[in-house]
Amino acid sequence: MKVAVVGGTGNISTSIVRLLLDKGHEVTCVNRAMTAAPADDVETLVVDRRDQERFEAVVQSRSFDAAIDVIAFTPDDVRSSIRAFRDVRHVIHTSTVTVLGEQFDWMPVTEDHPVRPSVPYAANKAAAERVLLEEHYRSGFPVTIIRPSTTYGPRRALRQIGIDSTWVHRIRAGQPIIKVGDGSATHHLLHVDDAAAGFVGALGRERCVGQTYHLVHPHHTTWEEYHRALMRAVGREVDQVGVPADVLQSIDPQRFLFATSIFAHNMLFSAAKILRDVPEFSPRVTLDAGLAETVAYVDEHGLGRDADDLEDRIIDAQRSVAGAVVR
Ligand SMILES: NC(=O)c1ccc[n+]([C@@H]2O[C@H](COP(=O)([O-])OP(=O)(O)OC[C@H]3O[C@@H](n4cnc5c(N)ncnc54)[C@H](OP(=O)(O)O)[C@@H]3O)[C@@H](O)[C@H]2O)c1
């Protein structure tokens with residue numbers, strides 16, 4: 001198939017493009033060309049999608065069988081995608097499980113659970129989903145909505161208190177790191193290569209049209225376990241110092257937005273629907289293998305050396321609390 005990928009050079013989308021090429025598809029990326037394409041045989045249409053008129057004209061000047069839109073965040077973005085991809089046989093839209101919020105009526109959370117976004121990013125994604133489904137029911141627009149959970153890969157050393165690479169160096173230097181509360185909140189962490197198998201497996205599959213899927217690892221982990229896996233990759237174990245979510249929020253609500261909302265609560269999503277409909281989705285990358293790759297990438301690219309001293313100050317203050325009370 002001739003496949004357009006809006007994005008194509010980032011975290012999830014690089015793996016999607018590589019897998020599409022492996023499967024013999026012809027791939028065109030649509031992005032601003034800030035980063036080189038993942039392979040030589042990929043064509044790039046250079047355009048900023050926020051310039052909607054140009055974006056739609058550039059896409060419409062070509063003919064595609066299918067499209068994967070990785071970077072539509074708002075109702076406006078998806079209205080533009082609907083116009084740009086009006087002649088395409090299948091469009092996969094990338095949403096997020098965060099549209100479901102953090103207070104659930106049942107677990108594991110299935111796709112029919114009410115959406116209750118708790119942060120602006122998720123509220124926009126939820127509104128974008130509604131626009132697409134309305135268009136599907138109105139005109140038959142052939143969309144599939146994929147909601148990935150948190151994905152990690154070589155370029156992305158996220159942790160419970162945020163998306164940063166500084167903790168790789170902290171661990172190597174033997175410095176403690178922060179976890180939120182006791183670090184036992186559950187989370188689904190999916191490697192980008194496993195995520196790509198879900199996207200590419202759904203592409204062109206009739207039964208997926210008009211459907212919404214949770215793209216999550218069938219097994220959850222806790223943040224504390226996840227942090228320990230990265231420590232194994234670095235080869236050193238350090239203390240994880242628990243700090244309550246509300247304390248982090250009062251220190252810097254923006255910096256700790258996810259740490260004090262989505263990442264502080266138990267997340268448990270059902271992967272049953274995508275496992276049933278997209279057998280190609282069968283996560284294989286272990287945390288140990290995936291995080292070893294992440295650490296190697298962080299080291300090779302010298303990422304995350306620009307840390308401030310906030311984490312040390314919070315840890316010192318947290319450790320002194322008990323001493324201040326018990327004299
Ligand atoms: N990563 C996660 O944990 C996670 C979890 C759930 C859902 N999601 C969703 O998954 C999607 C992918 O996330 P990601 O972080 O992995 O993305 P990504 O693959 O890193 O996507 C970035 C890509 O988009 C292009 N791009 C960015 N801004 C653009 C613009 N204005 N116009 C055209 N191209 C643009 C970038 O190239 P240029 O910079 O060269 O333009 C790059 O190719 C997002 O929709 C996100 O909400 C992610």
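Everything numeric in this text was worked out from a predicted model, so none of it was measured. Read the numbers this way: they start at 1 and go in the same order the structure lists the ligands and their atoms.
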* **F269 and H188 aromatic ring geometry - parallel, tilted or perpendicular at 30°/60° bounds** => tilted
* To do: Treat each ILVMFWY residue as a node, draw an edge where side-chain heavy atoms are under 4.5 Å apart, and state whether V216 and F258 are in one component.
  => yes
* Asked: Parallel, tilted or perpendicular: which fits the ring planes of H217 and H219, with parallel below 30° and perpendicular above 60°?
  -> tilted
* Answer yes if the ring centres of Y152 and H191 are under 6.0 angstrom apart, and no otherwise. => yes
* Contact partition for Y121 relative to ligand 1, non-hydrogen atoms under 4.0 Å -> side chain
* Asked: Counting both backbone and side chain atoms, is some N or O of P148 under 3.5 Å from an N or O of ligand 1?
  -> no
* Between N11 and ligand 1, is there a nitrogen or oxygen pair with a distance under 3.5 Å? -> yes
* So which heavy atom in the protein is nearest atom 27 (C) of ligand 1, and how far is it from that ligand atom? -> R32 NH2, 3.4 Å
* Asked: What do you reckon, does D48 have a nitrogen or oxygen under 3.5 Å from a nitrogen or oxygen of ligand 1?
  -> yes
* With a 4.0 Å heavy-atom cut-off (strictly under), which part of K125 contacts ligand 1: side chain, backbone, both or neither? -> side chain
* **N or O pair under 3.5 Å between F73 and ligand 1** => no
* Asked: Counting both backbone and side chain atoms, is some N or O of T150 under 3.5 Å from an N or O of ligand 1?
  -> no
* Asked: Just by distance, do the side chain of H90 and the backbone of G204 share a donor-acceptor pair under 3.5 Å?
  -> yes
* Asked: Looking only at protein heavy atoms, which one is nearest to atom 42 (C) of ligand 1, and how far off is it?
  -> T9 OG1, 3.3 Å
